[in-house]
2 protein chains.
Amino acid sequence: MYGGGGAGENELLWSRRAAEEAEAVAAISCSGHGRAYVDGVLENGKPVCECNKCYKGPDCSQFRPDCVADADSDDPVFLEPYWMKHRAGSAVVVSGWHRMGSSFGHKSDISPRLRKQIQILHKVMGNAIPDPGFIVFGAGSTQLRTAAVYALTPFNSTSRTKVVASVPFDLEYELQTNLFRSADFEFAGDASTWINTSNTALNFIEFVASPNSIDGHLNKAVLNGSSVKTIYDHSYYWPHFTPITFPADEDVMIFSLSTLTGHAGSKFGWALIKDEQVYEKMHSFLGLNTGGVSEDAQLRAFKLLQVVLDGNGKEFHEFGYETMRKHWEQLSITLSVSNRFSLQRTSLQYCTFHQKAREASPAYAWVKCERKEDEDCYEVLKANGIGGRAGTKFLADKRHVRLSLINRQDDFDILIQKLESLVSQENGMATAI
Amino acid sequence: MYGGGGAGENELLWSRRAAEEAEAVAAISCSGHGRAYVDGVLENGKPVCECNKCYKGPDCSQFRPDCVADADSDDPVFLEPYWMKHRAGSAVVVSGWHRMGSSFGHKSDISPRLRKQIQILHKVMGNAIPDPGFIVFGAGSTQLRTAAVYALTPFNSTSRTKVVASVPFDLEYELQTNLFRSADFEFAGDASTWINTSNTALNFIEFVASPNSIDGHLNKAVLNGSSVKTIYDHSYYWPHFTPITFPADEDVMIFSLSTLTGHAGSKFGWALIKDEQVYEKMHSFLGLNTGGVSEDAQLRAFKLLQVVLDGNGKEFHEFGYETMRKHWEQLSITLSVSNRFSLQRTSLQYCTFHQKAREASPAYAWVKCERKEDEDCYEVLKANGIGGRAGTKFLADKRHVRLSLINRQDDFDILIQKLESLVSQENGMATAI
């Protein structure tokens, strides 16, 4: 049916139309404050600009003065400019017949090339031992966490396995774990409350987010012993966010494409697993839950990792780290003159990837309102046009708010403006007093 | 950062490399018995041919005489030739920065253009009322089924909601439902055993697969009443498989891209939902389970549906129907001379889409071994080089086997050869007696 007659050096047989369409859409000007997409809504036959949150108008050129700074999102779109710059290398043409069959469950379950890339990636980054024994692919860290809980729960235990994490943790952990009110496991809150339990019949699964997606802390397991299994969520263990100090080598480790390349929309992640039985159970969960991972997401991941690995990842991670470092610098300077708001401390450590000592530059600022009357820090910031995420969403206190530093430059710039204005009020007041 | 300088009519700025790569890979000859893919394993710098099951060699030209006919797979790759023919229209160029953010939970949660396409699709096909009120996207029908069970389970019921289906049904229903041993629901087998239950306190959720993915039967709900909720799985309700006799108009209806276009690997499906609360609960499940659906799969679905809808779907569905009709014709002729194997009956009905009376052409043959000694039909076929799926996997008896008719032409041809040889033995024996 098909074959022969390949494309000459200059002649494209069937992909030209799609290529022209993509380039035409990419050329639509949105003033640097928005983007048009090939599947976007049409106006006059052309996809419209989808403006960043604080801009509007047909070409996103109008600033919205009433705009709330979006520091809530957890999509790492700060990396978007890198992909625009490397547009030739990161583009991919998907043919209509590309991998129509679901490879899940077949021998070729996991693309051998993508698997290999992931192993090379961990070796180059030095952030995990690249040969764990087994790898599964999932729809991002979200699905993989549930798969791991399912796989690590002992069969026919006398009581429900307690799933725990260290405060602050994402309340999503609790909602996910208790979604079906399983007879096998239940969420049991803060790990530290179980350290001295006298009940030896209990089984535990501890989520360890390292770095933590809230305060950036490199968490370690709190519980240990033969009745404890640990799920390491290393989604944020990349050199843009933290110095890489050692290659992680745990039984179950979860990573995601989103936090590495910024492609939150692709829903792709992987877990490195040492034990064959755990692997088999996670694999069977992923089959029954979604029948495996979209081949389209796998192809995209493959292409993006090719670019990331170019030149051993140096250029990509230099961009990522530099952007985050600048964000932290600006934020620290802005808040350094404030007595009202404080920031978590970051530490300087030797990064084996960058081969120099580097300060951590976490994805999120964990801001504390220091004034006695500012009990509800989220509301204080909100009243001043800053939309963060309340500490209570992480089982922390109301005095804390998480601000995303990984959003688009536009959003970050507005966040800094709003914070500057807030801090200058404070100083104005201080002078007045 | 980016903008201006669009592609001229003949000049491609950044997508040429990806386009050339895709065309070069598509031009690799695999003798019509295999395919090379851009993310395939390399040999001498070129992706190798991935051969169909019964072929081998570097260019898939060697037939494997020991080969077992694969009639087990449920990937509808019989549609692959359509996508190869329509290669220009179905190709899509994904830029490195395409929808990096996860749209889940935002106002733009569901691409308005893809939503609109789905509505047009149902209108054109006449297989469902296109304006249900709400649509959710999921990773195929698998994930959507679980989401629907979650959403339809009454909150705080005194006993666990019974999830049922009519035999034959896919045992996956049971495994999925009981995966977490939920306190809220449990699988309770064949729907008909509950018709006369005297326990009025019980709640039910009935899966109705219509057509059924096993015998192609257009199932109807068995249970009804105020304590019963119904999930219609209409994945196979497309004109390639069955005459469209009416537009379905149920409270919860599930569809999948896989069974429509053949792209099982993309993991994309949708549910049409009437009730807002049910929609909200399914939506929240999908968020906690996978954070929504891959943007890459959504883009692919968008592009493929554009081609499907071209000319109001006539050409696409004519191809799909004709291929399936031929498969049924060949199969029926082959088995018509057999007393050993029988086939389910298909009925002739007026198809509102094709606007003529048409015989159903189900995706699977539901074969019965009629001889007394052929108790285990799966083993009988297996011993003769035919790999089907045993009736016991559908809670049916051992005398039944499901044979896939939606696999690649190669696999179908070999299936027919093996069946012919089996039937000719039978007639040879009959003559001998």
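Numbered from 1 within each chain, the chains take letters A, B, ... in sequence-line order.
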Next on the checklist: Does this structure show an ion pair linking A:Arg113 with B:Asp39, if we count only N-O contacts that are shorter than 4.0 Å?
Outcome noted: no

Item to check | A:Glu50 bridged to B:Arg99 by N-O distance under 4.0 Å | outcome: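 Salt bridge between A:Glu50 and B:Arg99, a charged N being under 4.0 Å from a carboxylate O: yes.
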
Checklist entry - Highest number of heavy-atom pairs under 4.5 Å with chain A: which of B:Leu179, B:Val41, B:Val149? => result B:Leu179

Checklist entry - Which one, B:Glu80, B:Gln143, B:His98, B:Glu172, leads in non-hydrogen pairs under 4.5 Å with chain A? => result B:His98

Are side-chain heavy atoms of [X] and [Y] found at a separation under 4.5 Å?
X	Y	result
A:Arg16	B:Arg16	yes
B:Ser95	A:Arg87	no
B:Glu23	A:Leu12	yes
A:Glu295	B:Arg300	no

Checklist entry - Do you know which of A:Gly89, A:Ala264, A:Ser258 has the most heavy-atom pairs with chain B at a distance under 4.5 angstrom? => result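 That would be A:Ala264.
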
Checklist entry - Most heavy-atom pairs under 4.5 angstrom with chain B, which of A:Thr146, A:Asp184, A:Val77, A:Leu175? => result A:Asp184

Next on the checklist: Just verifying a value: how many Å separate A:Asp296 CG and B:Ser266 OG, rounded to the nearest 0.5 Å?
Outcome noted: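 It comes to 3.5 Å.
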
Checklist entry - With B:Val308, which residues qualify under side chain to side chain contact (heavy atoms under 4.5 Å, CB included), at least two apart? => result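 Result, side chain to side chain contact (heavy atoms under 4.5 Å, CB included) vs B:Val308: B:Trp83, B:Leu121, B:Thr261, B:Phe316, B:His317.
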
Checklist entry - With sequence neighbours excluded, what pairs up with B:Arg17 under the side chain to side chain contact (heavy atoms under 4.5 Å, CB included) test? => result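 With neighbours one apart ignored, the set is empty.
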
Checklist entry - Are the side chain of A:His263 and the backbone of B:Gly96 linked by a donor-acceptor contact shorter than 3.5 Å? => result yes

Item to check | Backbone of A:Leu288 reached by a side-chain donor or acceptor of B:Gln176 within 3.5 Å | outcome: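 Checked: pair present.
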
Next on the checklist: Using 30° and 60° as the class boundaries, would you call the ring planes of B:Phe180 and A:Phe185 parallel, tilted or perpendicular?
Outcome noted: perpendicular

Checklist entry - chain A heavy atoms under 4.5 Å from B:Leu42: which part of the residue, side chain, backbone, both or neither? => result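 Interface part for B:Leu42: both.
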
Checklist entry - Considering only heavy atoms, which portion of B:Lys303 lies under 4.5 Å from any heavy atom of chain A: side chain, backbone, both, or neither? => result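 Interface part for B:Lys303: side chain.
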
Where is the tightest heavy-atom contact between [X] and [Y], given as atom of each residue plus distance?
X	Y	answer
B:Asp75	A:Ser102	OD2-N, 2.8 Å
B:Ser294	A:Ala297	OG-CB, 3.8 Å
B:Thr142	A:Gly287	CG2-O, 4.2 Å
A:Met100	B:Pro76	CE-O, 4.5 Å
A:Ala26	B:Trp14	CB-CZ2, 3.7 Å

Checklist entry - Which bit of A:Leu299 is near chain B, if near means a heavy-atom gap under 4.5 Å: side chain, backbone, both or neither? => result both

Checklist entry - Tell me, side chain or backbone of A:Gln409 under 4.5 Å from chain B's heavy atoms, or both, or neither? => result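 For A:Gln409, there is no contact with chain B at all, as no heavy atom is under 4.5 Å.
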
